[in-house]
Amino acid sequence: MNLSHLLQAPPAPSPALPAWLATACQEIEKQENFSLGTEQFCELAGRSAPHVARAVRRHLGQTPTDLVNAARLKYAASKLATSDESILDIALDCGLENLGHFYKLFRGQFSASPRQYRVAQQQIVRP
């Protein structure tokens, strides 16, 4: 059995996030920011869209859209689990006006429709 791979040094960590990108990533978690989409992410970063896209890809291995949608879906999942607000209203609060697109993103992230997720999560909270 060859165990030489265990002796190899782990891959070098990616360079630290630039402060402007770390700040933008933190700020995009707020509903008032992610609801405005990737344009707001670039505004928070204080950089052009192409520059932000390159930096996010290089440092995080994602796109700005991926980051914004992750924040939106995190918020939506929390609202679905803790409120009786309509799914449409939650989608609109996230900045997603196309309900079909919201469902597609949500199902892709959670392997369940928003309604299925809500029922399952509320059963956990309210047995």
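- A search for side-chain hydrogen bond (donor to acceptor under 3.5 Å, both in side chains) contacts involving Lys30 returns Glu27, not counting sequence neighbours.
- Contact record, Arg107 with Ser113: NH2-CB, 3.3 Å, taken as the closest heavy-atom pair.
- Phe41 is listed as a side-chain neighbour of Leu21, based on a closest heavy-atom distance under 4.5 Å.
- We find the CG-CG distance between Asp66 and Leu105 to be 10.0 Å, quoted to the nearest 0.5 Å.
- Contact detail for Val56 and Pro64: the closest heavy-atom pair is CG1-N, 4.0 Å.
- The two residues Ala71 and Ile28 have their closest heavy-atom pair at CB-O, 3.6 Å.
- Distance CD/Gln116 to OG/Ser111: 10.0 Å, rounded to 0.5 Å.
- Within the 4.5 Å cutoff, the side chain of Trp20 has heavy atoms near those of the His51 side chain.
- Using a 4.5 Å heavy-atom threshold, the side chains of Gln109 and Asn69 count as separate.
- In this structure, Arg115 CZ and Leu80 CG are separated by 11.5 Å, a value rounded to the nearest 0.5 Å.
- Residues Ala81 and Gln122 share a closest heavy-atom pair of O-CG, 3.6 Å.
- Side-chain contact check for Leu60 versus Leu17: some heavy-atom pair is nearer than 4.5 Å.
- Residue pairs meeting the ring-ring contact (aromatic ring centres under 6.0 Å, His included) criterion with at least one member in residues 63-91, sequence neighbours excluded, are Phe34-Tyr75.
- Contact of the Phe106 side chain with the Leu73 side chain is registered, since non-hydrogen atoms from C-beta on lie closer than 4.5 Å.
- Here the CG-CD distance, from Leu36 to Gln31, works out to 8.5 Å after rounding to the nearest 0.5 Å.
- Listed here is the closest heavy atom pair of Ser35 and Arg72: O-NH2, 3.9 Å.
- No side-chain donor-acceptor contact under 3.5 Å links Ser78 to the backbone of Lys74.
- Using modelled atom types, one side-chain atom of Arg118 and one backbone atom of Ser83 make a donor-acceptor pair closer than 3.5 Å.
- Considering only heavy atoms from C-beta on, Leu99 comes within 4.5 Å of Phe102 through its side chain.
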Which atom pairs, one a donor and one an acceptor, fall under 3.5 Å between side chains of residues 86-98 and the rest of the protein, sequence neighbours left out?
unit_1 : atom_1 : unit_2 : atom_2 : d
Ser86  : OG     : Asp89  : N      : 3.0
Ser86  : OG     : Asp89  : OD2    : 3.2
Asn98  : OD1    : Gly100 : N      : 2.9
Asn98  : OD1    : His101 : N      : 3.0

